[in-house]
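Structure, as structure tokens:
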Amino acid sequence: MKKILALALCAAAVLCATSALAADINFVTAGTSSTFYPISATVCQLWNDNIEGMRATATPSGGGIDNLNQAYDGEAQIGIANANLVYQAQEGLASFEGFANENLRIFAGLYLNPNQVVVTKDSGIETLEDLIGKHISIGSAGSTTVDEATVHLDILGKTLDDIKAEYMDTSAAADAISNKQLDGVWIMAGTPNAAVTQIMTTTDAQLLPIPAETVEALKVEYPWYAEDVIPAGTYAGQDEDVPTSAVKLTLFITADVDEETVYQMTKVFWENWDSLTETHAALKKADPKEACNDVAGVPIHEGAARYYREIGIME
């Protein structure tokens, strides 16, 4: 009888251990035609294949703000968003005013998205201050680049009213600057970017430097900024490195996903990195050693932190 009881207790313990790892995970990134939706589908399959009890699903979404709203509503557990949006969502700022989500954590910082301000040489623009009074496209209304231009001008004590702002998508702006209808265009994207390539190839243009001291000034009020460099040779005619500001693209996760599950998710994610980058070239810009850096002070989930401590990139 004692032997049967012991066996029953052992079986129950195994069942409990297995169920502790059971998790329903909804992974949100962007629309089905985006770069990251197929990445999320591949990652979910890796988790399902390698973590007992895992039930992860990749779900299309409207992008960063939508992803964070879904996390607030309990509809998503992990998603992609720039570090600034995760910070604002956690603190209840900007688009998330009145809806602070203290449940947000960082799963992984991926890579920096740099600001790329491209100006014609004829415009005489050499610094951010020289943008004042110039004809500049700052992206489609409501886009990230409108916010970027606004914040950078604010550091100078200026507003969008101090430039001749046009609200064009990157493709239209590239055509307009090539046709001498603009002095410059503000783009935030990974490098090399197709629109910047077009401008630098077809127009006598240059990338505007955003120096380290400007980035440090930005960090005082906007802790998500990081220094970045667009390497020489990234674009035609670019013979020197160009310093700029950038914001890290991150994977956030909610704190209510248990530590052990997140540990296993993190381990599987990074230990399958070679196969992920072979299949999805966009991930090649990410560096596991930088996974905890430039995330605006948003806490790393303890399960992920446990893995990062094991591999020596976090104390």
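Throughout, residue positions are numbered sequentially from 1 according to the sequence presented.
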Inset, instruction - Report the residues that fulfil side chain to side chain contact (heavy atoms under 4.5 Å, CB included) with T159, sequence neighbours left out, ordered by chain and then residue number. - result: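 T159 satisfies side chain to side chain contact (heavy atoms under 4.5 Å, CB included) with D161, D162 only.
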Inset, instruction - For D256, check side chain to side chain contact (heavy atoms under 4.5 Å, CB included) against everything at least two apart and list the hits. - result: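 With sequence neighbours excluded, D256 shows a side chain to side chain contact (heavy atoms under 4.5 Å, CB included) to N103, T254, given in chain and number order.
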Inset, instruction - Have a look at S61 and tell me which of T29, T32, N67 forms a side-chain hydrogen bond (donor to acceptor under 3.5 Å, both in side chains) with it. - result: N67
Inset, instruction - Go through R306 and E259 one step at a time and tell me if the salt bridge (Lys or Arg N to Asp or Glu O under 4.0 Å) criterion holds. - result: CA-CA 9 Å; R306 182 172 138 204; E259 179 183 330; 3.7 Å; yes
Quick check: do [X] and [Y] have side-chain heavy atoms less than 4.5 Å from each other?
{"X": "D154", "Y": "K158", "value": "no"}
{"X": "Q181", "Y": "I177", "value": "no"}
{"X": "T250", "Y": "V295", "value": "yes"}
{"X": "E166", "Y": "I138", "value": "no"}
{"X": "K164", "Y": "I136", "value": "no"}
{"X": "L68", "Y": "L85", "value": "yes"}
{"X": "W270", "Y": "L276", "value": "no"}
{"X": "L218", "Y": "S245", "value": "yes"}

Nearest 0.5 angstrom please: [X] [atom1] to [Y] [atom2], how far?
{"X": "T170", "Y": "Q198", "atom1": "OG1", "atom2": "CD", "value": "9.5 Å"}
{"X": "I39", "Y": "H280", "atom1": "CD1", "atom2": "NE2", "value": "5.5 Å"}
{"X": "M265", "Y": "L251", "atom1": "CE", "atom2": "CG", "value": "9.0 Å"}
{"X": "Q45", "Y": "T57", "atom1": "CD", "atom2": "OG1", "value": "10.0 Å"}
{"X": "L208", "Y": "L128", "atom1": "CG", "atom2": "CG", "value": "5.5 Å"}
{"X": "S137", "Y": "I187", "atom1": "OG", "atom2": "CD1", "value": "8.0 Å"}

Might you point out which heavy atoms bring [X] and [Y] nearest each other, and give the distance in Å?
{"X": "A195", "Y": "N193", "value": "N-OD1, 3.0 Å"}
{"X": "G190", "Y": "P114", "value": "CA-CD, 4.2 Å"}
{"X": "Y37", "Y": "G31", "value": "CB-O, 3.3 Å"}
{"X": "P209", "Y": "V242", "value": "CA-CG1, 3.8 Å"}
{"X": "P192", "Y": "Y235", "value": "CA-OH, 3.4 Å"}
{"X": "C44", "Y": "A58", "value": "SG-N, 3.6 Å"}

Inset, instruction - Can you spot which of V118, L131, I163 makes a side chain to side chain contact (heavy atoms under 4.5 Å, CB included) with W186? - result: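 Answer to the side chain to side chain contact (heavy atoms under 4.5 Å, CB included) test with W186 among V118, L131, I163: L131.
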According to a 4.5 Å side-chain heavy-atom criterion applied to Ile, Leu, Val, Met, Phe, Trp and Tyr, with indirect links allowed, do [X] and [Y] form part of one hydrophobic cluster?
{"X": "W224", "Y": "L112", "result": "no"}
{"X": "V262", "Y": "V28", "result": "no"}
{"X": "V298", "Y": "M314", "result": "yes"}
{"X": "V196", "Y": "I125", "result": "no"}
{"X": "I313", "Y": "Y111", "result": "yes"}

Tell me whether [X] contacts the main-chain N or O of [Y] through its side chain, where contact means a donor paired with an acceptor under 3.5 Å.
{"X": "E221", "Y": "V151", "result": "no"}
{"X": "T277", "Y": "W273", "result": "yes"}
{"X": "N48", "Y": "A56", "result": "yes"}
{"X": "T201", "Y": "T197", "result": "yes"}
{"X": "D241", "Y": "P231", "result": "no"}
{"X": "D49", "Y": "L46", "result": "no"}
{"X": "N272", "Y": "S275", "result": "no"}

Legend entry - Partner residues of Y225 under the side chain to side chain donor-acceptor pair (under 3.5 Å) criterion, sequence neighbours left out: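 By the side chain to side chain donor-acceptor pair (under 3.5 Å) rule, Y225 matches E148.
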Legend entry - Residues forming a side chain to side chain donor-acceptor pair (under 3.5 Å) with T59, sequence neighbours excluded: N26
Inset, instruction - Not counting sequence neighbours, list each pair that qualifies as a side-chain hydrogen bond (donor to acceptor under 3.5 Å, both in side chains) and has a residue in residues 73-99. - result: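 Qualifying pairs, neighbours excluded: none.
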Inset, instruction - For salt bridge (Lys or Arg N to Asp or Glu O under 4.0 Å), just list the numbers for E302 and R105, CA-CA rounded to whole Å, side-chain angles, deciding distance to a tenth of an Å, and then say yes or no. - result: CA-CA 9 Å; E302 187 51 40; R105 301 290 184 270; over 6 Å; no
Legend entry - Qualifying residue, where the test is ring-ring contact (aromatic ring centres under 6.0 Å, His included) with F107 and the options are F269, Y307, Y263, F252: F269
Side chains of [X] and [Y]: do they bring a donor and an acceptor to under 3.5 Å?
{"X": "T234", "Y": "T191", "result": "no"}
{"X": "D147", "Y": "T150", "result": "no"}
{"X": "T214", "Y": "H152", "result": "no"}
{"X": "S178", "Y": "D175", "result": "no"}

Inset, instruction - Test side-chain contact (heavy atoms from CB on, under 4.5 Å) on K248 and L110 and set out the steps. - result: CA-CA 7 Å; K248 180 160 278 188; L110 295 179; 5.6 Å; no
Inset, instruction - Give the intermediate values and the outcome of side-chain contact (heavy atoms from CB on, under 4.5 Å) for residues T244 and E227. - result: CA-CA 6 Å; T244 190; E227 295 175 32; over 6 Å; no
Could you pull out all donor-acceptor pairs under 3.5 Å where a side-chain atom in residues 282-292 meets a protein atom, sequence neighbours excluded?
residue: D287; atom: OD1; partner: K289; partner atom: N; Å: 3.0
residue: E290; atom: OE1; partner: N293; partner atom: ND2; Å: 2.7

Inset, instruction - Determine whether more than 12 heavy atoms belonging to other residues, nucleotides or ligands lie under 6.0 Å from atom CD of E102. - result: no
Legend entry - Chi angles and distances behind the side-chain contact (heavy atoms from CB on, under 4.5 Å) call for Y72, L104: CA-CA 9 Å; Y72 181 87; L104 291 173; over 6 Å; no
Inset, instruction - Would you check, one step at a time, whether the test side-chain contact (heavy atoms from CB on, under 4.5 Å) holds for T120 with T203? - result: CA-CA 7 Å; T120 63; T203 307; 4.1 Å; yes
